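Here the structure is a predicted model, which is why all the values come from computation and not from measurement. As the structure lists them, so they are numbered: ligands from 1, and atoms in each ligand from 1.
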Amino acid sequence: MLLVHADHVVPGDGPPIADGAVLVDDAAKGAVIDVGPAVELAPRAAGARVERIRGVVLPGLVNAHAHLELSGLRGQITGGRGFVDWVERLVATRHEARPEEDEAALDAALEELDAFGTAAVGEVTNSLAVAERLAARGLAGVLFHEVFGTSRDAVMARVRGLEEEIEERLARRSPDLRYAPAAHTLYTTHPDAVRAIVEHARARGLRTSLHLAEHPAERRALEHGDGPIPEWLARRVKKGAMELEWPKASPFAYADALGALGPHVLLVHLTDARAEELALVAARGAYVVLCPRSNLHIEGMLPPLNAVLRAGIEPALGTDSLASNASLDVLAEARALADRFPNVRPVDLVRMATWNGARALGLEDAGVGRIAKGARPGLVAVEGAIGPADDPCKFVLANVKTRRRWLVRRAVRVERGHAS
Ligand SMILES: [Zn+2]
């Protein structure tokens, strides 16, 4: 057994514990036996190795929305001029990139995730290039296999192909790494495909993902059928392949009509969401991921965090890709929100980067995102001088640049017969 005794323990799903401790079965397996005040746990830990941490211990982090495949584009895609300008630059730059360089960037991105103390990731993938690497590193998470296409027959064939592929992938998955097709957006994926993908996820108890209300241009396209998005699609989509009609409805009303507001869908961004729309999201039980630094980079906008919280939504956080962000550190997202929403409690922001992320990805049973009995979250230390009366979550957010250290890595669960 290992007893981690820290100035503060932040469980992720509950209030911090001053002079706290975590009893772990052993450093190799990493299952939490108990968590609580050190004075209560220490007497039960006879014979355990004790590690005394000056600073804060928290669970491995959950980055609920990333595109690791774009990691080769770090620092190359200028933002600030809106989504269409950004995505055009992305496409042009991506065509110039060499795949072997992307491989190195992918490895570097995984190193970075690990160095920041990340235990789980919601990864939106186009090529599945990252799947084996995530499994090899023991990361938990969901691979959202992204589907685009405005031509109905072509995109439906793609969806059916991915649904079949699932059988094969599920057979040799790591049990803590899930896989589901996901529609890109309501303006790049034919509505029949969105419906089919969502229904597929619902029927199988999977979580799918959808970028929604990322920017005002999306609302304008869906509500009025004009503006930068239809103009961009007219340039990009081959003649005859544009079979997507503008619904003349808000992003949320349209998503709802397609069945895409519900507890099996993870809605990404909601930057352009209004209070009554957030109330609808909350009523439908959909999960939400906010990506504030990406929104700031691309649009110069922040997600409406206060309105999100007032609606009763418990958002997760994601970094989005290195094509629109400076790092893959989900705690830096929490810090970005702390700086701009000083009314939001630090403990709630840390929860967004841990337990809310695990719930948003449907990974509660994978034991990630919280330090709780029986969980295997991995334990991360943020070290430094902190007093017993100081707020440990405020300390963590103030020290996002401090090097984090894995005390106990998340134990990898391997299904019998499927060890890789
Ligand atoms: Zn994204």
Minimum heavy-atom distance between Ile229 and Ala221, given as atom pair plus value: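 Looking at all heavy atoms of both residues, the closest pair is CB-CB, 3.8 Å.
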Do you know the tightest heavy-atom contact between Leu210 and Ala260?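 Nearest heavy atoms, Leu210 then Ala260: CD2-CB, 4.1 Å.
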Can you run down the side chain to side chain donor-acceptor pair (under 3.5 Å) pairs that involve residues 285-306, sequence neighbours left out, and say none if there aren't any?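 Qualifying pairs, neighbours excluded: His269-Asn295, Thr271-Asn295, Arg293-Asn325, Arg293-Ser327, Arg293-Glu333, Ser294-Asp320, Ser294-Ser324, Asn306-Asn343.
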Is the His211 to His67 ring centre distance short of 6.0 Å?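 Close enough - the centres of the two rings lie under 6.0 Å apart.
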Under a 3.5 Å distance rule, please check whether Arg133 uses its side chain to pair with a backbone N or O of Leu110 as donor and acceptor.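 The answer is no, because no donor-acceptor pair under 3.5 Å joins these two groups.
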Closer than 2.8 Å to the Zn ion (ligand 1), what protein N/O/S atoms do you find?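 The answer is His65 NE2, His67 NE2, His211 NE2, Asp320 OD1.
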Checking Glu69 against Thr125: is there a side-chain donor and acceptor pair closer than 3.5 Å?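 Checked: Thr125/Glu69 side chains pair up, N/O donor to acceptor below 3.5 Å.
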